[in-house]
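Only one structure is covered here, and it is reproduced in the block below.
Any value given below was found using the heavy atoms of this structure, including those in side chains, with hydrogens, waters and symmetry copies removed. By convention in this document, chain letters (A, B, ...) are assigned in the order of the sequence lines, proteins followed by strands, and residues within each chain are numbered from 1.
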Amino acid sequence: MKPLGVLAVNRFANYGTISTAINKVGHDYIFISDPSQLSTISGLIIPGVGSFSSLAAKITRPEWLREFDSLIQKNFPIFGICLGMQILFESSEEILGGINRLKGLSIFPGSVLPVSPDKKPVFGFRKIKPNSAFLNNSMDNNSYYFMHSYSVHPSDTSIITSTYCLDSSLIVSSIQSRNIFGVQFHPECSNLQGLELFSNFLSVCKTSSFA
Amino acid sequence: MHLYVQIPRRDLSSICRGIIPISFASLMRRILKLETKPPFVIKPLYFDGWKKITNLSTLTTSINNLPIDELFYHDCSASILRRKINPCDILELRRKFNMPISVAGHITCVDDARLMFQSGADKISINTYFLESFDVHLLNTLFEACGHQSVSLHAEVASVDGIYYCYSNGGKEKTSIELETLLEYVNDLRPGEFIFQSVSYDGSMKGPDIRLIDFVSSRSQIPLVYGGGISSTCDFELLTSNFDLSGVMAASFYHTQLIFDSSLS
């Protein structure tokens, strides 16, 4: 089986944590910094630490968009974590000192908006209500570590696979459409239940035509 | 909606208002503060002097089983010696622990931050460098690159003649910067969190510095993490039920839980 790919166009993502998590579930990875490398991997993980603007500036270039369009049509496995999930949507309000919305990969219609009017970040473990086999874990522990100031608002709510409650509002905590998975939390920081999500993604990759 | 509760008499003396709000929405994190002077885990008392606790390499994965939400790694000697954190130390922690890791210690430029993230950090925290330079440009650069939530500011604080001052270099050196001034910067810059530690309570295990927490809570508009004096689970509960803190850090409390038992013996 080919290695997993970790998108590495953003200088500040938590690559150390992601790569350690992949090793812990017993697989290899390579860092992907050029679209031509996508053909050498069985699935792509888009890491979460960073800002929408810095990631979007790189990943929405025509050469990346062309490659993503082609792969997604063939049901290529993608696992977006936090910002990595947000970048799958059309636009985000996360931009410093400006008022314009930034464009994402637009794989899913919808936008990324602040979790609260004062943009206070959410930190810590929260319990989610899962509705997808991908989120199953052997410990039946649905508590995951969140660290975010923005959240996704999908236009098509059928892709939502879990939510969590924040001050009486429901925040989307994960999405799925075919082989594309996204989580707002950080499975790489969420103890054994988080590591199991990497195993689940690995299983998806193994059974895909890209293995 | 806020309810109000009369808090115990011993704490009342330290709070001007005598009553403080209970926030039922609070989901406060418990954070293990791992102070180091590599290759040792150390514990200062009042941020002065260092007691060796164990060797960093002897930390065991059993820490993963404790009710800890996060690990705060602070290389206390890095700023004093003007040296960088060894990325191998962070990588080693990352391999052992599955929880989020924040890293602090002489982070002075974007390349320092990048190296920490590449080594296994999930967040970084800046103290001495900002207090010495007020380098707003660096912070804004980091916010733009990493997002606000991944960058914290932290300060050790003590009251001198009734005024809270910030300390730098691992809490050893008093600066002329008043906490109130720093909080104005914090509210303006909006780092992910503001981490504040009480110099007068550090390592003492005499309970949290309620007066300081009240002072900061009433002035800050961003998530707060407190550290200093935590001695029991009751202290966590007291702070959870009375303050809207994002997290509470403890070191000595966890040392007494014998998490480092193999090396202590």
**Report entry** Largest heavy-atom contact set with chain A, pairs under 4.5 Å, which of B/L115, B/I101, B/V110
**Finding:** B/V110
**Report entry** Between B/P223, B/A121, B/G247, B/S150, the one whose heavy-atom pairs under 4.5 Å with chain A are most numerous
**Finding:** B/P223
**Report entry** Pair B/Y226 and B/F243, ring centroids less than 6.0 Å apart
**Finding:** no
**Report entry** Contact origin within A/A13 toward chain B - heavy atom pairs under 4.5 Å
**Finding:** backbone
Query - Portion of B/L142 that has a non-hydrogen atom of chain A nearer than 4.5 angstrom - result: side chain
Query - Per-residue contact mode, A/L166 against chain B (heavy atom under 4.5 angstrom) - result: neither
**Report entry** Largest heavy-atom contact set with chain B, pairs under 4.5 Å, which of A/F123, A/Y15, A/F125
**Finding:** A/F123
**Report entry** A/S173-A/K129 side chain donor-acceptor pair, cut-off 3.5 Å
**Finding:** no
Report summary line: Residue from A/P121, A/A8, A/G50, A/S54 scoring the most non-hydrogen pairs under 4.5 Å with chain B is A/G50
Query raised in the report: Is it the case that B/S57 and B/N55 place a side-chain donor and acceptor less than 3.5 Å from each other?
Result: yes
Query raised in the report: Side chains of A/Q176 and A/S132: is there a donor and an acceptor less than 3.5 Å apart?
Result: yes
Report summary line: Honestly, the part of A/S190 sitting under 4.5 Å from a heavy atom of chain B is backbone
Query raised in the report: Quick one: do the A/S138 and A/E196 side chains pair a donor with an acceptor below 3.5 Å?
Result: yes
Report summary line: If one checks every heavy atom of A/N10 against chain B at 4.5 Å, the contacting part turns out to be side chain
Query raised in the report: Are A/N14 and A/E188 close enough that a side-chain donor and a side-chain acceptor fall under 3.5 Å?
Result: yes
Query - Residue among B/G147, B/G120, B/C146 with most heavy-atom pairs under 4.5 Å to chain A - result: B/C146
Query raised in the report: Side chains of B/D75 and B/S77: do they bring a donor and an acceptor to under 3.5 Å?
Result: yes
**Report entry** Region of B/S246 that comes under 4.5 Å of a non-hydrogen atom in chain A
**Finding:** side chain
Query raised in the report: Does a side chain donor of either B/Y129 or B/D112 reach within less than 3.5 Å of an acceptor in the other side chain?
Result: no
Query - Contact class of B/E70 relative to chain A, heavy atoms under 4.5 angstrom - result: side chain
